[in-house]
Every structure is written in C-alpha cells, then in structure tokens.
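Report on the structure given below.
We count ligands from 1, going down the list as the structure has it; atoms in each ligand are counted the same way.
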Amino acid sequence: MMARRVQFTTRIGVIATTVGSAVGLGNIWRFPYEAGAHGGGAFMLCYLFFIFIIGIPVISAEFVMGRAAHSGIMGAFRYHSGNHRWDWVSYASILAAILILSFYSVVAGWTMEYTFDSVTGHLGNVADSARHAEFDSFISGWRPVWWMIAFLAINAAVLLGGVQKGIERMSNILMPLLFVILLVFCVNSLLMPAAGEGLAFLFKPDFSAITPSVVLGAMGQAFFSLSIGLGCMMTYASYFSDSTPIVKTATTTALLDTLVAVLAGIIIFPAVFSFGMQSEAGPKLVFEVLPSIFYRLPGGSVWSAMFFFLLVLASLTSTISMSEIFIAFLCDEFKIARRKATVILTLLAMVLGSLCALSFGPISDITIFGKTIFNAFDYASSNIILPIGGMVISLFVGWRLDRHTLLSQLASNGRLPSWIAPCIIISLRYIAPICILAVFLAS
Ligand code: PHE
C-alpha cells in the first residue's frame, strides 16, 4: 500500500482546484470560437447535453477511480483491474496531455502578449478596423514562439518551485474577480445595439444546423472544457478525503465551468454582431473582438490588462493540471526525479508548441489530414482522444469496477439521495458510451 497521501483540507479547496483545472482558455477562448464556427445555438444545445448527460457522470467516474485507488490514471486502472492490460488508456492520455499543453501554451502566450500590450498602451492605440490585420501580423510572425516559451517557463517554475499551492491560493482569490469582470462585460455587451441578434445566435438553436461535425465539436468542447477523459480529475480525486461528496463536487464543477463559458458567449456574440465581425473567425475570434469591447469602456487599458492577466492565471492552473499527468507518468514509470521530468516535459512542449505557433505563419502550409499543425493537435486531442478516454473510463467504472466500491464511493459517507447513484450508473453503462460511439460513427 501507498504512504498516506496528503489531502485537501477544505471543501472550498477541493472545488477551487477542480474548477481551476476546468476553467481556462477552454471557456473564454475555445468555447466562443467553436460555437461561432458551428452555428451558435445548435452547438450550444449539443454542448449542454454533453456537459450534463455525459460530463457529470464521467467526472464522477474519474473521482471514484482516483479516490478509491489513491492514485493517478495509470495506477488507478492497475489498482482496479489488478493487471496492466489498461495501460494503453494512460498512454493515450499522456499523448493528449502533451498535445494540449503544446497548443494551449501558444494561446496562453497570445494572452500574455495582450496583457503586455494593454499595459504599454499599444493595444489601445490600434483602431478597431485595424485589429484583424494587427492580430494576423502578430500570429504569423515569431513573437508568439517567444511568448509560448515564456509561458512554459513560468509553468515549469511553478511546478519546480512546488508553489502550486501558492498559485492555487492566489487564484482562489483572483478567480472570483475574473468572474465579476465577466459580469461587468456581460452587462456592457447586453447594452450593445445588436445584443438581441447576438443572443439569438447563441441561444436559439437552428435544428437543421445540427450536423455530425457540430455534434462532434460540441462533444470535444465538453470534454476539453471539463478537463475529462485524460485523468486530470482522477489525479485530483486521489487527494480527496473520504467525505468529499463526489457527485456534488462533480456537479458544482460542471455548473461553474459552464457558467463561465456561457458568460463568455454572452460577451462575445453581441459584440461580434454589433461590430459586423465574422462569427466563424476560428481561433482568432476572441482576440479580435475582446479588445474592441474593452476599449469602448472608460479606463479601457485597465480592464484589458486585468482581464488578460487573469486569463493567463486561469490558463496556468489548467496547464499545471495537464503537466501533472505527464510528470507523474515519467516519475512512476521511469523512476526519474520530478525535476528531471518537469524539464523533459517543458522542453518537449516548447518544441511542439513552436510548431503550433508557427503554423499560423511560416509553416502554415504543412498540414496533417488537411489541418494545420495547431488545428490537428487540438482536433486529435479534444475531439478524439478525450472522448475515447471518457468512453473507456465510463465503461470501466460502469461494468468492471467492484459494485460495492462504486456505490460506497458515490455515496461518500451516505449523504447522497438514493436515486442519484442509479442514474449515474445507467449513464456510465449505457448512455455515455453509446452516445460517444454514435457521435464517432456519424462523423
Ligand atoms: N479544461 C481546461 C480549459 O477549459 C483545459 C484542460 C483540458 C485542462 C484538459 C486539463 C486537461 O481551459
């Protein structure tokens, strides 16, 4: 047996950490652009379906596996199955973690550039009509590579310095602030001339627009945004105490994460329509729209600097959680020191991240299955590996896990209403795997 693991001491600590992993660029950058590219309301409807019908049961399943085994993904599969036959799931999740870390750091780097440009006043001097060209010229050059390297260096410094606790404590204070700022921007966006059009785009589903690619995109977004399917939540659950309520924590995490994404949508789309911009702009969307929103308000640079800085911080709590997957794997499997593992991960992510960063410019003609390197990394991890990971985890917990363990973990000292566990189990056994498989087959 393992030595006694340190545990989270408070309930707020538990929620803050799981939400810290979940809330990040996925909500504020990826959700609006995916929704914009996939027809708005149709995407939103599918996204909400996946969050609540599949997301919450799968987070619960990760929590159950992690807490019962007191270990991350590889150890948890071995502990519960008693053999090494499931190791491939962990290999896939490690691959996803490194792919995500690489492209995510590029976008976090863009966010750092925007924080910097807000502070120096440069961002405020760009005319709204020139934002598109300005951002294009920025991402097609080499500067994003340096910012990406800087971001990964900070990520490594946090991991090496063992100051995750410090970062988490800081983000516990600052994330509510991010939330308040989002609310202010929401009100501001709702007062824009085309607010109604923007809201209708986001909330009024056009059912004929629900195509297999929309459904697949929404499923990938749900998994990405909740950080599920690769064992992040499993790792965190290994630090839960026996009384941490699993289903409640899963539901709170999903609700807060979804709330942030929806707020981001409410901020972006009224502005997109009011400024006559393209909702299908892809990964660039948010970076072209947000500054125009901020600089419309009095004290624009302050809003802008604050917002982008908080976004960098939110990204950091997410990259720490994906880094842990890879570091834990190297340390456990190859018996190398944590320091060395962190350095290996960082260098690898810097190389892959450079390819992602440059795929908007110098190497944009290199494609993998018709996608640029950046898009291919994102697509392969979010739309393929995470859902497959989620499917295996739900089948494993639903069918293979010992019944008694599953029920007692879900009940977490008996405070769970009796109808909830059966619902979760039905979703894990049938609904989640069948839906995921169906989406794959259809697309
Ligand atoms: N959920 C994070 C976000 O929305 C991204 C993430 C994905 C983090 C997978 C960890 C694992 O930004």
Side-chain angles (χ1 to χ4, degrees), residues 15-35 47 50-51 55-56 58-59 62 66 72-73 90 92-111 151-152 155 158-159 164 167-168 171 175 178-179 182 217-237 250 253-265 283 286 310-329 345 349 377-390 393:
I15 296 287
T17 323
T18 54
V19 173
S21 170
V23 171
L25 293 168
N27 310 64
I28 291 167
W29 158 75
R30 201 175 185 281
F31 172 79
Y33 100 64
E34 283 281 327
Y47 170 72
F50 288 118
I51 291 279
I56 293 177
V58 174
I59 312 185
E62 287 205 18
I73 185 160
S90 313
S93 79
I94 287 145
L95 175 66
I98 184 80
L99 292 180
I100 297 176
L101 183 63
S102 308
F103 75 80
Y104 203 92
S105 302
V106 172
V107 184
W110 298 349
T111 316
F151 179 81
L152 282 169
N155 185 57
V158 172
L159 290 161
Q164 281 103 307
I167 292 291
E168 268 149 27
S171 68
M175 284 308 108
L178 176 66
F179 192 74
L182 285 173
M219 181 167 85
Q221 176 60 25
F223 277 83
F224 184 86
S225 192
L226 293 177
S227 314
I228 51 177
L230 80 172
C232 272
M233 293 296 175
M234 219 180 271
T235 307
Y236 281 152
T253 306
L255 283 175
L256 287 174
D257 186 65
T258 308
L259 185 64
V260 174
V262 171
L263 287 181
V286 170
L310 292 174
L311 195 51
V312 174
L313 200 68
S315 311
L316 201 55
T317 54
S318 298
T319 51
I320 288 171
S321 73
M322 42 190 121
S323 305
E324 283 293 347
I325 302 265
F326 195 91
I327 293 173
F329 166 74
L345 166 78
F377 277 25
D378 184 354
Y379 189 89
S381 50
S382 316
N383 288 7
I384 300 175
I385 306 180
L386 297 190
I388 292 181
I393 291 168

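For the pair Y104 and ligand 1, the shortest N or O to N or O distance falls below 3.5 Å. Looking at M322 next to ligand 1, no N or O pair under 3.5 Å apart turns up. Considering both main-chain and side-chain atoms, L226 never comes within under 3.5 Å of ligand 1 through any nitrogen or oxygen pair. An N or O contact shorter than 3.5 Å is missing between C232 and ligand 1 by distance. Looking at ligand 1, you'll find an N or O of G26 within less than 3.5 Å of one of its N or O atoms.
If you number the atoms of ligand 1 from 1 as listed, the ones under 4.0 Å from a heavy atom of A22 come out as 1 (N), 2 (C), 3 (C), 4 (O), 12 (O). For ligand 1, the atoms closer than 4.0 angstrom to any heavy atom of L25 are 12 (O). Close approach of ligand 1 to L230 is summarised as follows: ligand atoms under 4.0 Å from at least one heavy atom of the residue are 9 (C), 11 (C). Near G24, meaning under 4.0 Å from one of its heavy atoms, ligand 1 places the atoms 3 (C), 4 (O), 12 (O). Every atom of ligand 1 is numbered from 1 in the order shown, and the set under 4.0 Å from a heavy atom of S321 is 10 (C).
With rounding to the nearest 0.5 Å, the separation of CZ in F224 from CG in D378 is 6.0 Å.
If you check the side chains of S323 and N155, you find a donor sitting under 3.5 Å from an acceptor.
Residues I388 and I384 are in side-chain contact: their nearest non-hydrogen atoms beyond the backbone lie under 4.5 Å apart.
Annotation: atom 7 (C) of ligand 1 to nearest protein heavy atom, F224 O, 3.4 Å.
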Carefully, step by step, assess I73 and T235 under the rule side chain to side chain contact (heavy atoms under 4.5 Å, CB included). CA-CA 7 Å; I73 185 160; T235 307; 5.7 Å; no

Go through S227 and S21 one step at a time and tell me if the side chain to side chain donor-acceptor pair (under 3.5 Å) criterion holds. CA-CA 7 Å; S227 314; S21 170; 3.0 Å; yes

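Across S21, S227, S225, heavy-atom proximity to atom 9 (C) of ligand 1 is greatest for S227.
In this structure, W29 and W110 have perpendicular ring planes: the angle between them is above 60°, well past the 30° mark.
Across all their heavy atoms, G390 and F223 have their closest contact at CA-CE2, 3.7 Å.
Side-chain N or O atoms of Y104 include none that pairs as donor or acceptor with a backbone N or O of T319 at under 3.5 Å.
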